[in-house]
Protein chains: 2
Amino acid sequence: MRHIAEGVGIKAASIYNHFGSKQELLQDLLMLPANLYTEEMQTVKNSNLTPREKIEKLIRHHVRMAVEHTDTVALIVADWAHLEGETRAQFFQLREDYETDFKEIIEIGKTNGSFNPNINTDVAVFSILSTLRWLFSWYNRNKSFDVEELEKQMMQVLLSGTCI
Amino acid sequence: MRHIAEGVGIKAASIYNHFGSKQELLQDLLMLPANLYTEEMQTVKNSNLTPREKIEKLIRHHVRMAVEHTDTVALIVADWAHLEGETRAQFFQLREDYETDFKEIIEIGKTNGSFNPNINTDVAVFSILSTLRWLFSWYNRNKSFDVEELEKQMMQVLLSGTCI
DNA sequence: GTCTATACGCTGATAGAC
DNA sequence: GTCTATCAGCGTATAGAC
């Protein structure tokens with residue numbers, strides 16, 4: 001709290017005029033951006049895009065978040081583990097629902113020919129989301145990389161692989 | 001230190017008869033397994049496998065580590081950030097060298113037709129290693145998954161992608 | 001090599017003056 | 001809404017008995 005206070009030019013005690021506790025501060029910083037992923041998922045689900053287009057739109061959203069809100073994504077990925085009680089359960093639920101929706105899109109895509117039915121959906125989604133979650137750390141070291149090129153590359157690597 | 005001591009049935013103070021400090025304990029736990037990745041990379045580099053086979057061998061090694069030494073990999077991935085001083089720099093170097101070697105294999109593979117020359121090597125390697133680093137957490141929730149099937153799936157997802 | 005006792009810095013948080 | 005003063009708890013680590 002002392003470090004955070006120093007960052008905004010006040011003393012630690014003054015933070016408690018704005019947030020009830022350190023935990024409440026963490027919750028306010030985490031949950032709002034976390035909900036952005038859920039909202040994007042709802043938009044995608046309610047669209048009439050193909051499964052392939054839906055996954056591409058979600059990937060683009062992850063890339064945009066990593067690029068435009070690098071620090072916020074870093075906070076979510078690194079510090080969700082410090083959430084407690086009700087809010088922690090709520091975050092877990094958001095995350096689990098997101099993954100379930102993601103998998104469902106892939107499953108449907110498997111049946112209509114846009115995704116390879118031989119791949120395990122669990123493994124594939126884990127791989128895609130692992131990469132997208134930590135993309136902020138890659139971008140932190142490659143800030144000059146063109147955003148549209150990054151989107152294109154992520155699409156190719158995550159969907160078509162690195163081989164010929 | 002109290003928790004660790006409790007885990008082995010002694011008091012926290014007694015740990016200091018075996019390790020000079022908490023930091024030293026962390027270093028001993030981290031650096032030995034971290035070197036296993038470097039050793040495997042040396043073996044692969046000195047082999048006469050094709051680039052594609054080299055990457056496949058490295059992927060298999062990551063999967064084996066995640067499955068057979070789940071807790072150790074979790075420790076490395078989560079707690080390397082708490083390393084200090086000389087050892088921290090040493091860990092960074094190991095990791096950086098590993099990534100450089102990994103990228104070099106892909107680059108060579110691009111020129112002789114086993115990897116897609118249109119993909120950005122940095123992005124591809126980041127994606128592959130992100131997945132492999134966090135695989136331990138997936139396996140923690142899917143311990144019953146067959147190891148050979150997991151190897152096969154990882155190979156397919158990371159190298160050929162999820163699309164048709 | 002284990003224990004108890006203890007030092008001491010850092011952390012989150014509160015009380016109360018301004 | 002900010003500050004100073006202060007607290008209680010926890011963390012790592014040491015001293016010294018057994």
Side-chain angles (χ1 to χ4, degrees), chain A residues 1-37 65 69-96 133-134 136-137 140, chain B residues 1-37 69-95 133-134 136-137 140:
Chain A
M1 296 299 270
R2 284 169 176 93
H3 290 328
I4 295 170
E6 198 181 352
V8 292
I10 57 177
K11 296 291 176 181
S14 303
I15 295 181
Y16 291 87
N17 284 310
H18 306 273
F19 300 92
S21 65
K22 190 188 182 184
Q23 180 65 206
E24 198 182 301
L25 171 56
L26 179 64
Q27 290 174 6
D28 285 11
L29 286 172
L30 272 187
M31 294 308 280
L32 198 130
N35 277 303
L36 292 180
Y37 289 95
M65 289 290 288
H69 307 284
T70 314
D71 292 349
T72 305
V73 176
L75 186 76
I76 295 180
V77 172
D79 290 327
W80 69 267
H82 298 116
L83 287 174
E84 297 165 3
E86 187 60 37
T87 317
R88 186 188 173 90
Q90 198 183 322
F91 181 88
F92 257 88
Q93 195 62 53
L94 278 182
R95 189 170 153 137
E96 210 175 299
R133 282 185 188 127
W134 289 91
F136 79 90
S137 69
N140 247 336
Chain B
M1 296 300 270
R2 285 177 176 96
H3 291 328
I4 295 171
E6 199 181 350
V8 291
I10 58 175
K11 296 291 175 182
S14 304
I15 295 181
Y16 291 87
N17 284 310
H18 305 275
F19 301 92
S21 65
K22 189 188 182 184
Q23 180 66 205
E24 198 183 302
L25 172 54
L26 179 65
Q27 291 174 4
D28 285 11
L29 285 172
L30 272 187
M31 294 309 279
L32 197 130
N35 277 303
L36 291 181
Y37 290 95
H69 307 284
T70 314
D71 293 350
T72 305
V73 176
L75 186 76
I76 295 180
V77 171
D79 291 326
W80 69 266
H82 298 117
L83 286 174
E84 297 165 2
E86 186 60 37
T87 317
R88 186 188 173 90
Q90 199 183 323
F91 182 88
F92 257 86
Q93 196 61 54
L94 278 183
R95 188 169 153 139
R133 281 185 188 126
W134 291 91
F136 79 91
S137 68
N140 246 338

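Per chain, numbering begins at 1; letters A, B, ... match sequence-line order.
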* Asked: Between atom CD1 in B:Ile4 and atom C1' in D:dA13, what is the gap in whole Å?
  -> 14 Å
* Structure fact -> Rounded to the nearest 0.5 Å, the CG atom of A:Leu36 sits from the CE atom of A:Met31 at a distance of 11.5 Å
* To do: Nearest 0.5 Å please: distance from the CG atom of B:Leu30 over to the CG atom of B:Leu94.
  => 11.0 Å
* Does B:Gln23 reach the main-chain N or O of B:His82 with its side chain, forming a donor-acceptor pair under 3.5 Å? -> yes
* To do: Give, for atom CE of B:Met1 and atom CD1 of B:Ile4, the distance between the pair rounded to the nearest 0.5 Å.
  => 6.0 Å
* **Integer-rounded Å distance: D:dG11 P and B:Leu26 CG** => 17 Å
* **Footprint string (nucleotides 3-18 of chain C, 5' to 3'): B base within contact, S backbone only, - free, heavy atoms under 4.0 Å** => BB------BBBB----
* To do: Could you check how far CD of B:Glu24 sits from P of D:dT12, rounded to whole Å?
  => 15 Å
* Asked: Between CE of A:Met65 and CD1 of A:Ile76, what distance do you get to the nearest 0.5 Å?
  -> 6.0 Å
